[in-house]
Structures are given as structure tokens and as C-alpha cells.
Asker: 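The structure under discussion is supplied below as C-alpha cells; questions concerning it will follow.
Each ligand, and each atom within it, is numbered from 1 in the order the structure gives. Just so you know, these numbers use all the heavy atoms, side chains as well, and skip hydrogens, waters and symmetry mates.
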Amino acid sequence: MTEAEARLIDEAGRKFGPKVVITDPSEIEPWVSDWRGRVHGVTPAMLAPASTGEVVEIIRLASEHRVPLVPQGGNTGMAAGATPPGDGSAILLSMRRMNRVRSISVENRLAVAEAGVILTTLHDAAHQNGMRFPLTLGARGSCTIGGLTSTNAGGTQVLKFGTMRSLIAGLEAVLADGSVHNGLSGLKKDNRGYSLDQLLIGAEGTLGVVTAVALRLVPAIAARAVAWTGVDSPAKALELLRFLDARTASIEGFELVPQDSLDLVLKHIPNTRAPLSGEHKWHALIEATTADPEANIAAELETLLAAAMQQGIMGDAVLAANEAQAEAFWKLRDSISEAERAEGQTLAHDISVAVADMPEFILEAAAAVEAAFPGVVASGFGHLGDGNIHFHVRAGRHAAPDWYEAEGEKITRMVDDLVTAAGGSISAEHGIGQLKRAEFARLAPPGRIEALRAIKQALDPLGIMNPGKLIP
Ligand SMILES: Cc1cc2nc3c(=O)[nH]c(=O)nc-3n(C[C@H](O)[C@H](O)[C@H](O)COP(=O)(O)OP(=O)(O)OC[C@H]3O[C@@H](n4cnc5c(N)ncnc54)[C@H](O)[C@@H]3O)c2cc1C
């Protein structure tokens, strides 16, 4: 622990007491490694404020003593952005105690939630008011509104509702100089120059601490229909999506699953079974919803899928007969990463290219990677309609135990080069954090990093906000 950290901890301890200032290593330990367990940090303390006022005072102390802070929500991020540095030179700022849903306005279609509110808590609160917050993802039981905002998270309903950026009406944040930006009014129109709200969304804790967010709500779902379909190729899957898009506005989830990924799920995840009896190289999981209690969404989707089948776009389809079956279909999709982990070593790449280019990209990139690294298995699954897939490369059965360390960097460089050559992004929805900083520096378009550095220098000249993350 540095002398400056010792002074900060001592002062904060006297000011706030042990609820806010945690120094017991057994309480800190669960929070210093990233979710995948790949990056391990060290910190002498974890500060856990319960109000915006306490965050202001903590930031003032951090500035005074020049001690960096690492904001953290649920620690489910995929880029190790919330993991403190390994040399113990920063203090964790846990936002989990700021966990109040401050208000829900059905009239304004807005909820104001504090940064530490867990996503499912917000879902439940909206539901109790006949409304819905239409963003969801696999980590919904642990990730927080502050983390989702700071990574501009996506998930499975982006197709219809966009990422966090399009669902945030404004936010409250404490900036690195201790001032409070209050953008919670949720004004639909506000053109007073640069938008601080937009700057802080996706900033990964490098510009300030998000303390509360005004979030857009939509009416609660009256019914949903979930279908599992078999298609010949990613191109056919996209054709199916466009066929549906042209005929209904109710499609909000469309996930591509290769047969190989489905096989792994069936092999490793208990209580799973293939929805279709025949063989299909690719699958698309489709969810349609309606807020209209009079609408028969299942009949509508069934009719559209029958028409798509007749036109040869799709091989086969089955509609979930009930909620349990719908959940079982989603479980197949949501368990792919877990099944891959059970199978062996996997390299994950969260990438995007233009939607129309993605079908060809998946096939060509997978073939190129498999040819360059014999024995590996490469494939893509996920949010085809957003031009975003998780391009995973598996070690294959005969790989050495240190395959990840030995080959990982080379394979990732190849994937990132292919993505960049296709005009895409090496981080579609997970952010840069620590894990993608070097690749971001290597491949960012000219001027982009200089602009980020200039913004960082202007808003955090002392460098106390999450150093070593995002900005190379
Ligand atoms: C099973 C699983 C499935 C997932 N699926 C998806 C998916 O489909 N789409 C997707 O986009 N992501 C997905 N993720 C990633 C993850 O859930 C999101 O990145 C989420 O937004 C992180 O929220 P968190 O509260 O855990 O943030 P953390 O991991 O704690 O932090 C993430 C980043 O935000 C910063 N931060 C956190 N809180 C604040 C704050 N209050 N103020 C300022 N900075 C802050 C941290 O410093 C860090 O840089 C998944 C993760 C898991 C484990």
C-alpha cells in the first residue's frame, strides 16, 4: 500500500466508517479478478458509497491524494475493465450499495435507477408498473445499470431497441473534479452543445462515476412467440430475418446458432434437447413480441414462417408451445459459452461488421483461421441482425494445455486483422477494458486515439479515473 493510499483510507475511514471503507481482504478478494478469471488485480481497499454525496467526497479525497479509483458494478464485464491493476496502485470503488430505483414514471416512460441497481431488479420494478426496460442479457442477475451504461451494453433485443445508448435519456455522474453532472431530467430534446451523457456512456469509468441513469421504458409485453428454425447458411438466416422484417414489426430477437455450437450444448448442458429432428447446418432462434393483449403473436409468426419455408428460405421450424419451451430454446442459445468452456480452451472475439457483410464474413474468416491454425474450430454465433457475432475459436481436441497462452495472441491478431479489413469493430458490445487495449492501439483508425486522449486529459487531468483501461 502506498503512503497516499494509506492516508486516503484513514481519512475515508474516519469520515464514513466501515460500511463504506472495506479493508478486510476476505471481503475484497471476490472482486479483484475479472469474470472470466483471466486477470487478477490487487487493491488495499474497496470503497462502497451509498449516495451521490459520498461519491463526491470520495472523488475529492482521491484527487487530493492522487490515488486512482476503479469503478465497479457487478464485475460481469468481459474486458476486465473493472479489475484493479496488479500492483495495488488503485482503490476499488464498488457502486453496488447505490441500489435504489429512484422513480418510475409511466407517463414519461422513464425510470431513474441508481448505478448499483441490478438489471433484473429494474426489470421487475418496470413490470410492476405495467412497463418494461427492453434490454436484457445473460448476466442480468448480477450486472448493474452503472456497468451497463459504462460499457454501452447490448444483448439480445438490440435488433429492435438498440444498445444502452439508445435507451438512456440522461444520467447523473460525478466527474473527476468532484462536480456533479445532472442529466436526469430525461428531456427528449436538449441541444445545449456537447452531450456529457453521451460521453459518459461507454466510457468504462475513465471519465467519471455514473451514479444514476434515466432509462426509457416501453409498455410491458402481453405475449411472446419463440421459434427455432433450421437454415442452410448464415446468408439464408439473414434472408429469413429480412423476410420477417418486411412483414411485421414484432421481431425483437434473432440469434444465429451453428450446428456445431448446438452439438456442444446438447453434449455438456444437462436437460437440453434439439428442437428440430432433422439435420441443419445453421439455426436461427427468433422471438416476436406484442404489447397488444388482443394480438395472436404465435399465429402471426407461424404463418410467416410457413410462408418463408414455402419460398425455400428456411428448412424447418418449430414454435415453442408454451413459456417453458420458449425458455428451453433460449437456454440452448445462452449456454453456448458455458458448453464451450466445458469442452476445452476457447478464444472469444466480440466483433461486428456491416450486417449485410456478416454472413460471408463468418464463413470466410472461419475458413481462413482454420487453415492458418490447423486443428482449431472457428465459428460465429449470436446477434446476426446487429452485424455482431461472437467469433469463437476452439482449441480442438489435441491442443496442448497451454494452447491459449501459446497461440491465443496470434489467432486474435488474425481475427482482428480480418475484422478491420472488413471495416468492422474489434469490440462490438464488450468494450476495450484492459484486454483489448493493445489491439485497439494497433488497429484504431488514425486520429481516434488522439481524440480519446484529449477528452480524457480535459476531463481527468490528474488521471484518477480507472487508469490503464480503454485508452492506450
Ligand atoms: C453470462 C454473461 C453474458 C453477457 N452477455 C452480454 C451481452 O449479450 N451483451 C453485452 O453487451 N454484454 C454482455 N455481457 C457483459 C456484461 O454483462 C456487461 O458488460 C455489463 O454491462 C457489465 O455490467 P457490470 O455491472 O457487471 O459492470 P462491471 O463489470 O463491474 O464494469 C464494467 C465497466 O464499467 C465500469 N463501471 C461500472 N460501474 C460504473 C459506474 N457506476 N460508473 C462508471 N463506470 C462504471 C467499470 O470500471 C468497467 O470498466 C455478459 C456477461 C456475462 C457474464
Side-chain angles (χ1 to χ4, degrees), residues 31-37 39 41 48-49 52 55 59 68-85 90 92-99 113-122 135-158 162-165 171-176 181 199-213 253 255 330 333-338 341 348 350 352 381-383 386 388-390 427-437 460 465-471:
W31 302 102
V32 292
S33 297
D34 75 313
W35 189 82
R36 286 203 174 104
V39 184
T52 304
V55 176
I59 292 212
L69 299 170
V70 179
Q72 189 181 73
N75 198 27
T76 68
M78 291 289 181
T83 309
L92 258 185
L93 180 65
S94 165
M95 296 302 290
R96 290 181 291 278
R97 285 182 67 226
M98 283 197 68
N99 58 4
E114 289 184 343
V117 169
I118 303 280
L119 181 55
T120 44
T121 306
L122 178 68
L135 181 140
T136 191
L137 42 80
R140 58 188 165 273
S142 333
C143 66
T144 63
I145 296 305
L148 291 160
T149 301
S150 303
T151 57
N152 183 27
T156 46
Q157 320 316 100
V158 171
T163 61
M164 279 298 280
R165 199 178 286 287
L171 55 78
E172 176 192 270
V174 183
L175 304 179
H181 161 68
L199 260 184
L200 286 153
I201 298 168
E204 301 187 37
T206 61
L207 298 179
V209 180
V210 174
T211 46
V213 187
E255 297 287 307
W330 272 105
R333 157 64 184 91
D334 288 338
S335 305
I336 294 175
S337 293
E338 197 184 329
R341 257 205 310 268
D350 162 47
S352 65
F381 66 90
H383 324 303
D386 307 331
N388 168 209
I389 52 139
H390 303 301
S427 180
E429 54 177 14
H430 291 163
I432 298 294
Q434 305 187 50
L435 295 180
K436 293 190 177 178
R437 226 158 55 113
D460 180 22
M465 291 310 310
N466 213 2
K469 314 289 166 51
L470 173 59
I471 299 163

Asker: Just which atoms of ligand 1 are under 4.0 Å from any heavy atom in G208?
Answerer: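 Checking each atom against G208, I get 43 (C).
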Asker: When you measure from atom 31 (O) of ligand 1 to every protein heavy atom, which one gives the shortest distance, and what is it?
Answerer: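 Answer, as residue, atom name and distance: A82 CB, 3.6 Å.
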Asker: Which ligand 1 atoms, with their elements, are less than 4.0 angstrom from a heavy-atom of A153?
Answerer: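 Close to A153: 11 (O), 21 (O).
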Asker: For the pair H390 and H430, name the ring-plane relationship: parallel under 30°, tilted 30 to 60°, perpendicular over 60°.
Answerer: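 Answer is parallel, since the angle falls under 30°.
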Asker: Considering only heavy atoms, does N466 approach ligand 1 within less than 4.0 Å through its side chain, its backbone, both, or neither?
Answerer: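 The answer is the side chain of N466.
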Asker: How close does the nearest protein non-hydrogen atom get to atom 33 (C) of ligand 1, and which residue and atom is it?
Answerer: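 Protein heavy atom with the smallest distance to atom 33 (C) of ligand 1: T151 CG2, 3.7 Å.
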Asker: Have N75 and D34 got a donor and an acceptor in their side chains that come within less than 3.5 Å?
Answerer: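 Short answer, no.
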Asker: Can a salt bridge be assigned to the pair R333 and E255 using a cut-off of 4.0 Å between side-chain N and carboxylate O?
Answerer: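 The answer is yes: the pair qualifies as a salt bridge.
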Asker: Can you report which non-hydrogen protein atom sits closest to atom 17 (O) of ligand 1, along with the distance?
Answerer: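 For atom 17 (O) of ligand 1, the nearest protein heavy atom is T76 OG1, 2.9 Å.
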Asker: So, applying side chain to side chain contact (heavy atoms under 4.5 Å, CB included) with L171, which one of T211, I145, L200 is it?
Answerer: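 So the option named by the test is L200.
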Asker: List every atom of ligand 1 that sits less than 4.0 Å from any heavy atom of G146, numbering the atoms from 1 in the order shown and giving each element.
Answerer: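 Listed by number with element, the hits are 38 (N), 39 (C), 41 (N).
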Asker: Can you pull out the closest protein heavy atom to atom 53 (C) of ligand 1? Residue, atom name and distance to 0.1 Å, please.
Answerer: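 Among all protein heavy atoms, the one nearest atom 53 (C) of ligand 1 is W35 CE2, 3.2 Å.
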Asker: Is there a side-chain contact between M95 and E114 in this structure, where contact means two heavy atoms from C-beta onward sitting under 4.5 Å apart?
Answerer: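 No. Closest side-chain heavy atoms not under 4.5 Å.
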Asker: Below 4.0 Å from any atom of ligand 1, is there a heavy atom belonging to K469?
Answerer: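 The answer is no: ligand 1 sits nowhere under 4.0 Å from a heavy atom of K469.
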Asker: Taking the side chain as every heavy atom from C-beta outward, state whether N152 and T149 have any pair of such atoms under 4.5 Å apart.
Answerer: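 No - every pair of side-chain heavy atoms lies 4.5 Å or more apart.
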Asker: With heavy atoms of L137 as the reference, note each atom of ligand 1 found under 4.0 Å away.
Answerer: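 Checking each atom against L137, I get 5 (N), 6 (C), 7 (C), 8 (O), 9 (N), 10 (C), 12 (N), 13 (C), 17 (O).
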Asker: To which protein heavy atom is atom 46 (C) of ligand 1 closest, and what is the distance rounded to 0.1 Å?
Answerer: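 The closest heavy atom on the protein side is P71 O, 3.1 Å.
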Asker: Decide whether the shortest distance between a heavy atom of G433 and an atom of ligand 1 is less than 4.0 Å.
Answerer: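 Judged by the 4.0 Å heavy-atom criterion, G433 does not count as contacting ligand 1.
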Asker: Of the listed options (H390, H430, Q434, M164), which comes nearest to atom 12 (N) of ligand 1 when hydrogens are ignored and any heavy atom counts?
Answerer: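 Among H390, H430, Q434, M164, the closest heavy atom to atom 12 (N) of ligand 1 belongs to H430.
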Asker: Evaluate the side-chain proximity of V55 to M98: yes if any heavy-atom separation is below 4.5 Å, no if none is.
Answerer: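 Answer yes - side chains close enough.
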Asker: Measure the distance from atom 42 (N) of ligand 1 to every protein heavy atom, then report the residue, atom name and distance (to 0.1 Å) of the closest one.
Answerer: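 Atom 42 (N) of ligand 1 sits closest to the protein heavy atom V210 N, 2.9 Å.
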Asker: Roughly how far, to the nearest 0.5 Å, is the CD atom of E204 from the NZ atom of K469?
Answerer: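 The NZ atom of K469 sits 9.0 Å away from the CD atom of E204.
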Asker: Could you verify whether a donor N or O on one side chain and an acceptor N or O on the other, from R165 and T163, lie under 3.5 Å apart?
Answerer: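 There is no such pair between these side chains.
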Asker: Of all the heavy atoms in A79, does at least one lie under 4.0 Å from an atom in ligand 1?
Answerer: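 So A79 does not count as touching ligand 1.
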Asker: Only heavy atoms of G205, strictly under 4.0 Å: list the atoms of ligand 1 that pass.
Answerer: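 Once the distances to G205 are compared, the set is 43 (C), 44 (N).
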Asker: Is the shortest N/O to N/O distance between M95 and ligand 1 below 3.5 Å?
Answerer: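 Looking only at distances, the answer is no, because the N/O contact criterion of under 3.5 Å is not met.
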Asker: Begin with the C-alpha distance, continue with both residues' side-chain angles, and end with the deciding distance and a verdict on side-chain contact (heavy atoms from CB on, under 4.5 Å) for N388 and D350.
Answerer: CA-CA 7 Å; N388 168 209; D350 162 47; 3.0 Å; yes
Asker: Quick one: does Q157's side chain get under 4.5 Å of L137's, heavy atoms only?
Answerer: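 With C-beta onward as the side chain, the pair stays apart.
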Asker: Evaluate side-chain contact (heavy atoms from CB on, under 4.5 Å) for R36 paired with M78, printing each intermediate quantity in order.
Answerer: CA-CA 7 Å; R36 286 203 174 104; M78 291 289 181; 3.5 Å; yes
Asker: Any N or O of C143 that comes nearer than 3.5 Å to an N or O of ligand 1?
Answerer: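 It does not: no N or O of C143 is found under 3.5 Å from an N or O of ligand 1.
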Asker: Within the 4.0 Å heavy-atom shell around A115, which atoms of ligand 1 are there?
Answerer: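 The atoms of ligand 1 under 4.0 Å from a heavy atom of A115 are 41 (N).
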Asker: If we only count N/O pairs under 3.5 Å, is T156 in contact with ligand 1?
Answerer: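 Between T156 and ligand 1, no N or O pair is found under 3.5 Å apart.
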Asker: G147 heavy atoms, cut-off 4.0 Å: which ligand 1 atoms fall inside?
Answerer: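 Matching atoms, with element in brackets: 21 (O), 23 (O), 24 (P), 25 (O), 27 (O), 37 (C), 38 (N).
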Asker: Of the protein's non-hydrogen atoms, which lies at the shortest distance from atom 35 (C) of ligand 1, and what is that distance?
Answerer: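 The answer is S150 CB, 3.7 Å.
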Asker: Working to the nearest 0.5 Å, report the span between CD1 of I118 and CZ of R140.
Answerer: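 Output value for this atom pair is 13.0 Å.
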Asker: Atom CG of L69 and atom CE of M465: how far apart are they, to the nearest 0.5 Å?
Answerer: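 Rounded to the nearest 0.5 Å, the CG-CE separation comes to 5.5 Å.
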Asker: If the contact criterion is a heavy-atom separation under 4.0 Å, does N75 count as touching ligand 1?
Answerer: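 Distance cut 4.0 Å: N75 passes for ligand 1.
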Asker: Does G154 reach ligand 1 with a nitrogen or oxygen that is under 3.5 Å from one of the ligand's nitrogen or oxygen atoms?
Answerer: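 It does: an N or O of G154 is found under 3.5 Å from an N or O of ligand 1.
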Asker: R97 side chain to G116 main-chain N or O, any donor-acceptor pair under 3.5 Å?
Answerer: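 Judged by distance alone, no pair lies under 3.5 Å.
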Asker: Decide whether an N or O pair under 3.5 Å exists between G81 and ligand 1.
Answerer: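 Checking ligand 1 against G81, an N or O pair does fall under 3.5 Å apart.
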Asker: Using side-chain contact (heavy atoms from CB on, under 4.5 Å), reason through F381 and S337 one step at a time and then give a plain yes or no.
Answerer: CA-CA 10 Å; F381 66 90; S337 293; 4.1 Å; yes
Asker: Mark up the atoms of ligand 1 that fall under 4.0 Å of a heavy atom belonging to A139, in ascending order.
Answerer: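 Close to A139: 2 (C), 3 (C), 17 (O), 51 (C), 52 (C), 53 (C).
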Asker: Which protein non-hydrogen atom lies closest to atom 24 (P) of ligand 1, naming both residue and atom, and how far is it?
Answerer: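 Of the protein heavy atoms, G74 N, 3.4 Å lies nearest.
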